[in-house]
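Structure record follows, encoded as structure tokens.
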There are 2 protein chains.
Amino acid sequence: MTLSFPPDGLVSELRDQGFKITTPRYQVIEWVTGQQEDNFTAEEAAAALDSIGRATVYRTLKLLLDQGLICRVILNDGGICYRLSHKGHHHHLVCVSCGATEDIHLDDVENVIQRVRESTEYELVGHRLEVYGFCPRCKSAQTGL
Amino acid sequence: MTLSFPPDGLVSELRDQGFKITTPRYQVIEWVTGQQEDNFTAEEAAAALDSIGRATVYRTLKLLLDQGLICRVILNDGGICYRLSHKGHHHHLVCVSCGATEDIHLDDVENVIQRVRESTEYELVGHRLEVYGFCPRCKSAQTGL
DNA sequence: GTCCATGCAAAGATTTTGCAGGTCC
DNA sequence: GGACCTGCAAAATCTTTGCATGGAC
């Protein structure tokens, strides 16, 4: 019921950047923002939005990714899926069993990165931290409790 | 000249686990251990080892990955490649321009993870941290210096 | 000798592209 | 009205699989 993250935000972001808000694009955004706490694959989005051309779904996802409006999640097995990018830098806590994902905010990672910065010749531009584990539900299922 | 990481290590690891050391398998291992500091894609391995069936190369890489003898590197653009897994847990410093990768050892990441462990219901089993930046060479090329 | 591994080729899965036509601003 | 976007279908990647044959132990 609560649409705490309405499409409008993404729509205006895109419009501000000079992208046209077409009907297919709007539908993708609407669907994506409806995923709130779930991550999804490009395939799932394409399947759910079957009135829209596959290519358009892929193109729109790439656009949203480039604009930082969605982010990639790397699963433990290397699988790739997407997720609404709630504002601000954050990391992911991913269930190795069901793929459920939560955002986590870890300020002290910055300190770690800062230490890397001081000890390398690289000019750092970003980082990605994914933490893997069993979510409460899968943990229970696993132990049989 | 210096083969600081000879195939032998990987070979005996596999043998100890009861896997047969066949000629094709040995050739893949030999090539992989020759990559020392470079990462490579499955495609590159298959291309370099064209006397071996594609499927075998893929199967062997998966085997090495499952055994922890090589590890995956996630590039900034989401691309996936592999790399010799030097012993012990480590992270990667990846050039966003050329893909060059260095291992980095960050003990204090454990503290961050420990803090996550204390504040979540998840049962943590692992994590992945990739740090992105421009390597010295690409940094120079970029500024035109 | 037995079981596992290989090779091939085909199938599968996923993503990109060319281009004619349509739509937003 | 012009530039950008879409849809389709084909192509391009990348990876897996079935099955008969061959090789390691």
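So you know, we letter chains A, B, ... as the sequences are listed, proteins then strands, and number each from 1. Since the model is a prediction, treat every value here as computed from it, not as a measurement.
Qualifying side-chain contact (heavy atoms from CB on, under 4.5 Å) partners for B:S97, counting only residues two or more places apart in sequence or in other chains: B:C95, B:F134, B:C138.
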What is the per-nucleotide protein-contact pattern of nucleotides 5-10 of chain C, from the 5' end, where B denotes a base atom under 4.0 Å from a protein heavy atom, S denotes such proximity for sugar-phosphate atoms only, and - denotes neither?
-> SBBB--

Step by step, work out the side chain to side chain contact (heavy atoms under 4.5 Å, CB included) result for A:L84 and A:Q36.
-> CA-CA 7 Å; A:L84 255 185; A:Q36 285 305 319; 4.2 Å; yes

Residue pair B:V73, B:Y82: steps toward the side chain to side chain contact (heavy atoms under 4.5 Å, CB included) verdict | CA-CA 6 Å; B:V73 177; B:Y82 301 91; over 6 Å; no

Trace of the salt bridge (charged side-chain N to carboxylate O under 4.0 Å, His left out) decision for B:E43 with B:R54 | CA-CA 9 Å; B:E43 188 48 41; B:R54 242 184 154 47; 2.7 Å; yes

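Ring orientation note: the planes of A:H105 and A:H90 are tilted relative to one another, at an angle of 30° to 60°.
Atom-to-atom, CD of A:E44 to P of C:dT14 comes out at 10 Å; the value is rounded to the nearest Å. Put simply, CG on A:L14 is 15 Å from P on D:dC4, counting in whole angstrom units. Going from atom OH of B:Y26 over to atom P of D:dC25 covers 13 Å, rounded to whole Å. Separating the NZ atom of A:K62 from the P atom of D:dC4 is a distance of 18 Å, rounded to the nearest angstrom. In this structure, CD of A:E43 is placed 15 Å from C1' of D:dT15, rounded to the nearest angstrom. The separation between A:D50 atom CG and D:dG7 atom C1' is 14 Å, rounded to whole Å.
The stretch residues 70-80 of chain B does not touch DNA chain C, since none of its heavy atoms comes less than 4.0 Å from the strand.
Residue whose closest nucleotide on DNA chain D sits further toward the 5' end, between B:R15 and B:T41: B:T41.
A donor atom on one side chain and an acceptor atom on the other are found under 3.5 Å apart for B:Q114 and B:E118. Remark: the A:Q17 side chain and the A:E13 side chain contain no N/O donor-acceptor pair separated by less than 3.5 Å.
Within the 4.0 Å cut-off from OP1 or OP2 of D:dT15, at least one side-chain nitrogen or oxygen of B:Y58 is found.
Residues A:H91 and A:H127 place their aromatic rings such that the two centres sit under 6.0 Å apart.
Classification of A:D38 and A:R83 as a salt-bridged pair fails, no side-chain N sitting under 4.0 Å from a carboxylate O.
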